[in-house]
There are 2 protein chains.
Amino acid sequence: MDTHLLRTFTAVVDHGSFSEAARVLGYTQSAVSQHIAALEADLATPLLTRRPVAPTEAGARLLEHARPLLLRLDAARADMARLGAGPAKTLTVGCTPLALTGRLAALLPSGSTVRMVSRAEVAGAVMAGEADLGFVDGAAAPSDPLPVPDADALTTAPVAEEPLAVLLPAGHPLATRSAVGLSDLADAHWIDAPDTGIPLAQLRATARVDGFRPYTVIDGTDVLALGALVAAGHGLTVLPATVAEALPGTVAIRIVTPRIAHRTEVLHTRLGEGGPARALIAALAQPWRVSPRPA
Amino acid sequence: MDTHLLRTFTAVVDHGSFSEAARVLGYTQSAVSQHIAALEADLATPLLTRRPVAPTEAGARLLEHARPLLLRLDAARADMARLGAGPAKTLTVGCTPLALTGRLAALLPSGSTVRMVSRAEVAGAVMAGEADLGFVDGAAAPSDPLPVPDADALTTAPVAEEPLAVLLPAGHPLATRSAVGLSDLADAHWIDAPDTGIPLAQLRATARVDGFRPYTVIDGTDVLALGALVAAGHGLTVLPATVAEALPGTVAIRIVTPRIAHRTEVLHTRLGEGGPARALIAALAQPWRVSPRPA
DNA sequence: CATCCTTACGGGCATCGTAAAAATT
DNA sequence: AATTTTTACGATGCCCGTAAGGATG
């Protein structure tokens, strides 16, 4: 079970075609076919159905191993390369849309490169060396860590925290309240904007409350569009309070129960000595609103 | 960076010798030498010092990637093998010393094989397919998960929970108390028995209290020997209450603050349909003392 | 000088590409 | 019939073992 074989296997699954995978990987179709045949022979199990090309049950299971494995392998490569090259002069950070808040934006050195990525991709980008630091946002209880996929091999530290708010259209019955409990709204019409705001699934898990079923779904990362949808009455959504309060035509009501907040965390590999990445982490580690717990 | 090379590399580090690694792996010394040379050429970094053979800084870093990678690779193999073979007839479980409590012992089917392993090895044994289920014990706050190394790719579920107790020699000044706060004892003389009881490091992390520095250290997994050391006044230690209360010549005082408990959890891969492993998990999932939180 | 690692070299085997055959829509 | 995967086959090159060469304590 060579990693090359796993790599072509995942490529075939991703592209749904032997030929396309071959083109992407720079192989012949024949070679790809042989790779898959070798894997299936080695594991004594069919991994793919042909026509249409799709993973079998065993193949799907193998994918769950292969994906993190290949990611980790790339991470190792990148880590060794970094160790040899010394600290980067210029900083590249991977960032989810709502993670770049005031505090972080203020401390980020000028001349940095910022790559906006989805929550699922941040850890991978940092591990593969495509970004020196990753910033993820999400909802979490005050002392819980943010649930970040694939972040096992990375170090995380909190960066910023602020209240969450429910975004309502102006004129909504609740719009005059100053605070709201989330469980009262479990059965409301919700807009799920997983790439922009807080994914409903994450809200459900963190609040440990059932409900929050998506009614309207919006892809993409445009907060203004999300605000417009809410203002037009397509449903409610949850955003960090400072962001929510700036959207026109809507009213933002802070969430007080359960005690969850919008948090940003920084992800990084074990860093070398100097460099702008380490400097930024040190600056971010300074206490701000939330006093650090005594070690 | 082939996984074969990584495997050879870790073997060389583990045995501190090219020749010994070659013997273990069934290669020639020459082949091992070529493997290491290939790795070092590929990564453009020296990974080992020769005479004595030891990892360089870069080598140590690579090890941190290679170890979990190879573990995961073996896990994938084992997983596929299991998928093909169907559920095992007889059950093999990996188990830390204090994990096999009354409830678990009662539910374990007769004819099972139990392999006692250290906390660090349980997850690996389950992933590599050497055990169908793993049982780990440890100290944790009531709603926190147990910190289990390398358990990322596994499913965990709580199995049993009971109070922790400090074990004192009979006649100790505190022996008449009915309950004790842990932080009062941070500076006591402690016995660290990481393979038997609760490792002091885990206690320190969970209780978030400094102190608990090891004074006497005991390796091995003999609870009676640990009890004898405490009885003889070599120091204090922490054990699950029911275990501690059965040890002669000592007094067990339950810990009330902070709110930490001794918990046992089960680890398993995503299981197939039938089989004794799944039956045992289902039985263990029945509520016992701690009512499960509503989903 | 004994031990251990490295280098040189040759043979076997794996892997890839070309090309033709088979299968499925 | 067209597209896509499989199989056959030959060449290239990788990888391992044998054996000789260095380095080190």
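Chain naming here is simple, since letters A, B, ... match the order of the sequence lines and numbering starts at 1 in each.
Here Asp222(A) contributes atom CG and Leu226(A) contributes atom CG; the two are 8.5 Å apart, rounded to the nearest 0.5 Å. One finds the CG atom of Leu63(A) at 9.0 Å from the CG atom of Leu47(A) (value rounded to the nearest 0.5 Å).
Near DNA chain C, meaning a heavy atom under 4.0 Å from it, residues 35-46 of chain B has no residue at all. Listed in residue order, the members of residues 5-20 of chain B having a heavy atom less than 4.0 Å from DNA chain C are Ser17(B), Phe18(B), Ser19(B).
The separation between Tyr27(B) atom OH and dC14(D) atom C1' is 13 Å, rounded to whole Å. The separation between Asp2(B) atom CG and dC14(D) atom C1' is 11 Å, rounded to whole Å. Rounding to whole angstrom units, CG of residue Leu25(B) and C1' of dG17(D) are separated by 15 Å.
Shown here is His4(B), whose NE2 atom has no more than 12 heavy atoms of other residues, nucleotides or ligands within 6.0 Å. In this structure, Glu57(A) places its CD atom where only 12 or fewer heavy-atom neighbours from other residues, nucleotides or ligands lie under 6.0 Å away.
Counting any heavy atom pair closer than 4.0 Å across all strands shown, Val53(B) reaches sugar-phosphate atoms only and no base atom.
Listed by first then second residue, pairs satisfying ring pair (Phe, Tyr, Trp, His ring centres under 6.0 Å) with a partner in residues 50-91 of chain B number zero, not counting sequence neighbours.
The side chain to side chain donor-acceptor pair (under 3.5 Å) check on Asp2(B) picks up nothing, with sequence neighbours excluded.
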Return all side-chain donor-acceptor pairs below 3.5 angstrom for residues 189-203 of chain A, not counting sequence neighbours, or 'none' if the list is empty.
residue	atom	partner	partner atom	Å
Trp190(A)	NE1	Leu185(A)	O	2.9
Asp192(A)	OD1	Leu200(A)	N	3.0
Thr196(A)	OG1	Gly220(A)	O	2.7
Gln202(A)	NE2	Ala139(A)	O	3.3

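With hydrogens and angles disregarded, a donor-acceptor distance shorter than 3.5 Å links the side chain of Thr49(A) to the backbone of Ala54(A). In terms of modelled atom types and a separation under 3.5 Å, the side chain of Glu121(B) and the main chain of Gly94(B) share no donor-acceptor contact. In terms of modelled atom types and a separation under 3.5 Å, the side chain of Arg119(A) and the main chain of Asp137(A) share a donor-acceptor contact.
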In 5'-to-3' order, the base (B), backbone-only (S) or no-contact (-) status of each nucleotide in nucleotides 18-25 of chain D, using a 4.0 angstrom heavy-atom cut-off, is BB---BBS
